[in-house]
Amino acid sequence: MGLFDKVKAYLNEEEPSEKATIHKPKKEPKNRIKARTSQKAKDDDDRVHKEHDTHAIIDEQQMVQDFCEQLVDVSAHMEEIKNEYRVVTEYLTDIQRIEELPVQLAEDINETAKTIAMLDADRQKYLQSENLLPLEQYNTLVAYEDEVIDTIKRLNEIEMRDSMLKSDMGHLEGEKESLKYTHEDGADSIERLRGILITVLVIFLLTSGGLFAYAAAAKKSVTLYMLIIGAVAMLSFVIAYVRYVDIKKDVRDADTKLNRAISLLNKVKVKYINNVNTMEYIYRKFNVSSCKELEYRFELYQTMLRDEKRFDRADSDLRVWQERLEKKLERVGVRDTAVWLNQVTAFVNREELYDIKQGLLDRRQSLRKKMAISEQIRDNAMTALRAAVADNPGHKELIAELLTPHGLVVTPGASE
């Protein structure tokens, strides 16, 4: 008896307690009531059994679908493992051919591999210069490449002129302040001279008045004293006047120089502003902050151009030598020649070749284990599906419907 039959038999089996509750109908009223009750209980039991049978069928179908899905998944997985196993085996066969090469041919391939490794190293070295400048700055220098050298010369002159104009403005500002001080000091000196002259005049008048009063009272002559006082007053006036004239001349000269200094300062400021505007325009145009920075970036740009040309040459030579190596490997029977282009050092360093071989052997052993496990899972799923068909032939159509699109068929056989 199969698994599904056992489940059916179990679901259809009547319980002893139910059999004990069934009695023949009797004529007494109590017996009729008891019989009707027993019949109702039996009907309920039949309904429950039918529901159990329905759920059992659904469970059986779900179980069959699960096994079919498992068989499909494991079959696809096994196909992937077989493909990988075949590739790994081909790589190992290629390694064996390489290891068994004649000495002269092996040396020729090794020299080719050395050249490829050297060209690839040069190419990688030149490739590193791609990051010397950000893309935006690189594109800017590409757009203005023809005018960069002239711009550097011009910007250098502008920056030197900027320094000179700043220096000139500093000198003119100093001279302007000095001349302002001279003007103010001269004005103060003139005011002081006026005060002195007024003081001398007052003293002269007071002294003269006193002498005249004394002469009138004493009936004496004060002519000599008046002459002396007049001479002192006149001398003081002359000295003060001469000094006043000199100071006035100095003030006029200072005013003239001050006006000229202000005029020159304004002209220098205009030149400075124009110079700064031109300098800042160039800074914004090349996204730099000084002529030195522009020179440095242009040097990096030229380095990138040189390395780009070197990279192109190295890359072209590398492809030529790679084609030579592939042709040589094809002549000795190597199937996948392209894979060796990325590990050419294995031809020169036998330890690296041994490591590659050992890694492939380990990988193949791991694939064998996975394949054995997958085969066991597939066999178990196949056995379960055969048992399902044996227990219920109606499942054969469901299994065929699920497996046929994937090219799988459950072959007849005995259930385990």
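In summary, Glu99 and Arg350 do not engage in a salt bridge, as defined by a charged side-chain N under 4.0 Å from a carboxylate O. At a threshold of 4.0 Å, the pair Arg310-Asp307 counts as salt-bridged, since one of the basic side-chain nitrogens sits closer than that to a carboxylate oxygen. Salt-bridge annotation for Arg123 and Asp315: present, with a side-chain N of the basic residue lying under 4.0 Å from a carboxylate O of the acidic one. Salt bridge Glu173/Lys176: present, at least one basic N to carboxylate O contact under 4.0 Å.
Within 6.0 Å of CE in Met164 there are more than 12 heavy atoms belonging to other residues, nucleotides or ligands. Atom NZ of Lys292 has 12 or fewer heavy atoms from other residues, nucleotides or ligands within 6.0 Å. Residue Ile149 qualifies as open at atom CD1: its count of foreign heavy atoms under 6.0 Å is 12 or below. For Arg161, the CZ atom is densely surrounded, since the number of other residues' heavy atoms within 6.0 Å is greater than 12.
The distance from atom CG of Leu318 to atom CE of Met118, rounded to the nearest 0.5 Å, is 10.0 Å. Residue Leu264 holds its CG atom at 6.0 Å from CG of Leu172, rounded to the nearest 0.5 Å. Taking CG of Leu165 as the reference point, atom CD1 of Ile273 lies at 11.0 Å (rounded to 0.5 Å). The CG atom of Asp162 lies 9.5 Å from the CD atom of Glu280; values are rounded to the nearest 0.5 Å. Here CD of Glu323 is found 11.0 Å from CG of Leu325. Values are rounded to the nearest 0.5 Å.
Between the side chain of Thr199 and the main chain of Gly195, a donor-acceptor pair closer than 3.5 Å is present. One N or O on the side chain of Asn83 and one on the backbone of Glu79 form a donor-acceptor pair closer than 3.5 Å. No donor-acceptor distance shorter than 3.5 angstrom exists from the side chain of Ser167 to the backbone of Ser163, with no hydrogens or angles considered. A distance-only check finds a donor-acceptor pair linking the side chain of Asn266 to the backbone of Ile262 [under 3.5 Å]. Of the possible donor and acceptor atoms, one in the side chain of Asn139 sits under 3.5 Å from a partner among the backbone N and O of Leu135. With hydrogens and angles ignored, the 3.5 Å screen pairs no side-chain donor or acceptor of Glu175 with any backbone N or O of Ala261. For the pair Thr278 (side chain) and Asn274 (backbone), a donor-acceptor distance under 3.5 Å is present.
Pairing each heavy atom of Ile81 with each of Leu367, the nearest pair is CG2-O, 3.7 Å. Considering all non-hydrogen atoms of both residues, Ile109 and Leu329 come closest at CD1-CD2, 4.2 Å. Annotation for Ala113 and Val348: closest pair CB-CG2, 4.4 Å, computed over non-hydrogen atoms. A pairwise comparison of heavy atoms in Arg97 and Gly333 identifies NH1-O, 3.3 Å as the closest pair. For Asn275 against Ile158, the heavy-atom pair with the smallest separation is ND2-O, 3.0 Å. Of all non-hydrogen atoms in Leu155 and Cys291, the two that sit nearest each other are CD2-CA, 3.6 Å.
Judged by distance alone, the side chains of Thr89 and Arg86 never bring a donor and an acceptor atom under 3.5 Å apart. With hydrogens and angles left out, the side-chain atoms of Tyr301 and Glu145 include a donor and acceptor closer than 3.5 Å. A donor-acceptor contact under 3.5 angstrom links the side chains of Gln376 and Asn380, judged on distance only. Judged purely by distance below 3.5 Å, without hydrogens or angles, the side chains of Glu326 and Gln322 never pair a donor atom with an acceptor atom.
Just one residue in the list Arg324, Lys328, Glu107 forms a side-chain hydrogen bond (donor to acceptor under 3.5 Å, both in side chains) with Thr112, and that residue is Lys328.
A heavy-atom distance below 4.5 Å is found between the side chains of Leu141 and Phe286. Residues Gln358 and Leu361 meet the side-chain proximity criterion, which asks for heavy atoms closer than 4.5 Å. Here the side chains of Lys114 and Glu111 are in contact, with some heavy-atom distance below 4.5 Å. Taking 4.5 Å as the limit, some side-chain heavy atom of Ser290 sits within range of a side-chain heavy atom of Glu293. Ile95 places a side-chain heavy atom less than 4.5 Å from the side chain of Trp340. Side-chain contact between Thr140 and Arg297: absent, with no pair of heavy atoms (C-beta onward) separated by less than 4.5 Å. Put simply, the side chain of Glu308 reaches to within 4.5 Å of the side chain of Leu305, judged on heavy atoms. No side-chain heavy atom of Glu330 sits less than 4.5 Å from a side-chain heavy atom of Arg335.
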Exercise. Please lay out, stage by stage, how Lys285 and Glu147 fare under the test salt bridge (Lys or Arg N to Asp or Glu O under 4.0 Å).
Key: CA-CA 12 Å; Lys285 181 178 180 179; Glu147 59 184 86; 2.6 Å; yes

Glu84 vs Arg363, side-chain contact (heavy atoms from CB on, under 4.5 Å): CA-CA, chis, key distance, verdict: CA-CA 10 Å; Glu84 186 176 356; Arg363 181 59 182 164; 2.5 Å; yes

Quiz item: Are Thr303 and Arg306 close enough, and set up right, to give a side-chain contact (heavy atoms from CB on, under 4.5 Å), and what steps lead you there?
Solution: CA-CA 5 Å; Thr303 300; Arg306 289 194 299 268; 3.2 Å; yes

Inset, instruction - Start with the C-alpha distance between Glu90 and Asp336, add both sets of side-chain angles, then the distance that settles side-chain contact (heavy atoms from CB on, under 4.5 Å), and finish with yes or no. - result: CA-CA 8 Å; Glu90 290 177 357; Asp336 191 353; 6.0 Å; no

**Report entry** Working for side-chain contact (heavy atoms from CB on, under 4.5 Å), residues Tyr126 and Asp312
**Finding:** CA-CA 9 Å; Tyr126 299 143; Asp312 292 339; over 6 Å; no

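Note that Lys166 lies outside the cation-pi zone of Tyr272, set by a 6.0 Å cut-off to the ring centre and a 45° limit from the axis.
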